[in-house]
There are 2 protein chains.
Amino acid sequence: MDETVPQKGTVTQRAIERIKAMIAEGRLEPGQRLPTERDLAAQLGMSRSSMREAIRALTVLGVLEARHGSGIYVTQLEAGDLLETFGVVADLSRGPQLVELLEVRRVLESTATALAAARITADQLAEVEKHLAAMNATDDPEEILAHDLAFHRVIAGAAGNDTMAAILEGLSSRTFRARVWRGYEEEGAFARTRREHAAIHRALVARDPEAARAAAAAHVGEVEEWLRSQLGT
Amino acid sequence: MDETVPQKGTVTQRAIERIKAMIAEGRLEPGQRLPTERDLAAQLGMSRSSMREAIRALTVLGVLEARHGSGIYVTQLEAGDLLETFGVVADLSRGPQLVELLEVRRVLESTATALAAARITADQLAEVEKHLAAMNATDDPEEILAHDLAFHRVIAGAAGNDTMAAILEGLSSRTFRARVWRGYEEEGAFARTRREHAAIHRALVARDPEAARAAAAAHVGEVEEWLRSQLGT
DNA sequence: CAGCTGTAGTGGTCGGACCACATCGCTGAT
DNA sequence: ATCAGCGATGTGGTCCGACCACTACAGCTG
C-alpha cells in the first residue's frame, strides 16, 4: 500500500496549503517560531528549495516573517499584517478599476468617518487637528499629501475597526494617491480639498455621524468624479 | 566607480519590486509573456533560485501566472485575479477580528445590494430567484450554504463593481462561512435566514435601493451579532 | 491535408555548497 | 564575582548545476 498522498498541484503549493492549515487549525500560534527550513522540508518530504518558495510566498502574504539568522515566525495575524498586500491591488490597478477601487474607498471611508464621529477621543481629535493645520500651512504638494494621508489614517483608527482601517490604508497607498494627485492638484483642487477636510473636522467636533458620513463621502466622491472624467478623454 | 546599486533588502525582494515596477510602468502588459526564469535572473543579475522565489510570490499574489512548459505570463490584473488572496485573511482571522471582518462585509454587502436593486437585469434576477428557491427546497446544510453563497454572489455581480464583488467573494470564502455556519445553524437560524433572503429579494424586485440596503445590512448584522455574543462566552 | 512524432524549450524539483547574520556560551580581564 | 569581548553554532539567504515534467511546434508520415 502506498502512503504517498495523491499529488495535487505543485509541491510548493502543497507546502503553502499545509502551513496555512497548521495555522488555521491552531497548531501554530501567532508569534510562534516554526521549525527550520531544512526540518520543515524534511517533514513534508520535499527539497529545501521548494519549501523556501512556499515560505517566501507566505512571507509576502504577511502570514510568516523570516528573521535572518534567527528563524521563521508566524506573524500576529492582525489586520495590518495580512492586509499589507492590499496595496499591491491599488498599485497595479488602472483605468476603470481605479474608479471601482475609489468607490469602495468612498463606502468604507464614509462609514469609518461616521464611526469616528461617535467614538473619537480628545487626543485623537487633537492629532487630526494637527495634521489639518499642517496641511493648511504649506504649499508643498508632498507635505500636503503626507498630512492628508495621516489625517484620514487617524480618523480611520478612531473608528475602532482595525480591519477597516487596514483596508483603507491599502486603498490610500502612497503610489496610488501620488498617481491621482499629480493631475488633480493642477486644477486648483487644493482649496476644495481644504474645505472638505474642514467639513469633516467640523462633523467630528460636533460628534455628528451623519454629517461626518456625508462629508467623507463627498470628499472621496470628488476625486472619484474627477478620475471618471479623466477616463472619458 | 562601483556600478552596483545599493543593496536594499534581500535579492528576492528586489526582484519582486522590479517586476511590479515593470508592470506598473506599463512595460509589461496584462496577458503578456515574460522572459524565461533563466533570462530574467540573468537580466537582474541574480540566481535562478532567487528569481523563482520572486515569481512564486507574485504568482500567489495573483499578479503572475506560471504555465508549466510554456512560460510566465502577467495576469489580466482584474479584481478577481488580485483579490483572490483576500480569502487568506478570512481564513486566518479569529475572534474579534472575524467580527471586524463581518462589519466590513455588512457595509459593502449592503451597498452592493442597494446598487443591485437599481441595476439588476431580468436575467440576473431570475438567477437570484433560482438560488433562493433551491435554498428553500432542501435541508442539507452544505447545499443551503452553496446556494446562499451563490445568491449573494449574483447580487454582488449585479451591482456593477467587480472590485467590490471580488472583495465580498473573499469575505464570504468557503472556510469562513463554514466555520461560522457550524454553530449558527443549530439555533434555528435557517428560518430566519430564509426570511431575510426573501426580504432582500423583495427589495430587488421592487427596485428599492434603500429597502435592499436595509435588508442586506440586517442580514449580515444578524450573523455579526450572533458571532459577537459567542465571543462573550 | 490530417495526424503523429520527435525535439527543443520551458517551468518544477532536487541536492549541495557557501555566505551573512543572530544568538549564546565561553573566556579572560577587571 | 562581574561583565565586556569573542568565537562557535545554527539559522535564513544566495548561488550553482543537474535532472524531471510538460508544452509547443516543426517536420515527417500516411
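Source: prediction; values computed, not measured. Order of the sequence lines sets the chain letters (A, B, ...), proteins ahead of strands, with each chain counted from 1.
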Next item on the list: List in chain and number order the residues that pass side-chain contact (heavy atoms from CB on, under 4.5 Å) with L115(B), two or more places apart in sequence or in another chain; answer none if no residue qualifies.
Entry: E103(A), T111(B), R119(B), A159(B)
Check: Which part of the nucleic acid does T36(A) contact within heavy-atom distance under 4.0 Å: base, sugar-phosphate only, or nothing?
Finding: sugar-phosphate
Check: Listed by chain and number, what are the side-chain hydrogen bond (donor to acceptor under 3.5 Å, both in side chains) partners of H131(B), not counting sequence neighbours?
Finding: H147(B)
Check: Does any residue of residues 40-48 of chain A have a heavy atom under 4.0 Å from DNA chain D, and if so, which ones, in number order?
Finding: R48(A)
Item checked: Distance below 4.0 Å between T12(A) side-chain N/O and dT13(C) OP1 or OP2 -> yes
Check: Got a sec? Which of residues 52-75 of chain A come in under 4.0 Å of DNA chain D, heavy atoms?
Finding: R52(A), R56(A), A66(A), R67(A), H68(A), G69(A), S70(A), G71(A), I72(A)
Notebook entry, point to check: Listed by chain and number, what are the side-chain contact (heavy atoms from CB on, under 4.5 Å) partners of R67(A), not counting sequence neighbours?
Noted result: E65(A), S70(A), Y73(A)
Note to self: Test of understanding: with ring-ring contact (aromatic ring centres under 6.0 Å, His included), list the residues that count as partners of F176(B), not counting sequence neighbours.
What the structure shows: none
Margin query: Rounded to whole Å, how long is the line connecting atom CZ of R33(A) with atom P of dA22(C)?
Written below: 14 Å
Notebook entry, point to check: Taking atom CZ of R228(B) as the centre, does the number of heavy atoms from other residues, nucleotides or ligands within less than 6.0 Å exceed 12?
Noted result: yes
Check: Residues two or more places apart in sequence or in another chain: which of them pass side-chain contact (heavy atoms from CB on, under 4.5 Å) with V74(A)?
Finding: I23(A), L28(A), L34(A), L64(A), L77(A)
Item checked: side-chain contact (heavy atoms from CB on, under 4.5 Å) against T12(B), all qualifying residues, sequence neighbours excluded -> R56(A), T10(B), I16(B), S50(B), E53(B), A54(B)
Check: Has the side chain of S49(B) got a donor or acceptor atom sitting under 3.5 Å from an opposite partner on the base of dC16(D)?
Finding: yes
Checklist line | Selection residues 78-97 of chain A - residue pairs positive for side-chain hydrogen bond (donor to acceptor under 3.5 Å, both in side chains), sequence neighbours left out | finding: D91(A)-S173(A), D91(A)-T175(A)
Note to self: Output the rounded distance in Å from CD (E37(B)) to P (dC22(D)).
What the structure shows: 16 Å
Next item on the list: Could you tell me whether the side chain of R38(A) has a donor or acceptor atom within less than 3.5 Å of a complementary atom in the base of dG10(D)?
Entry: no
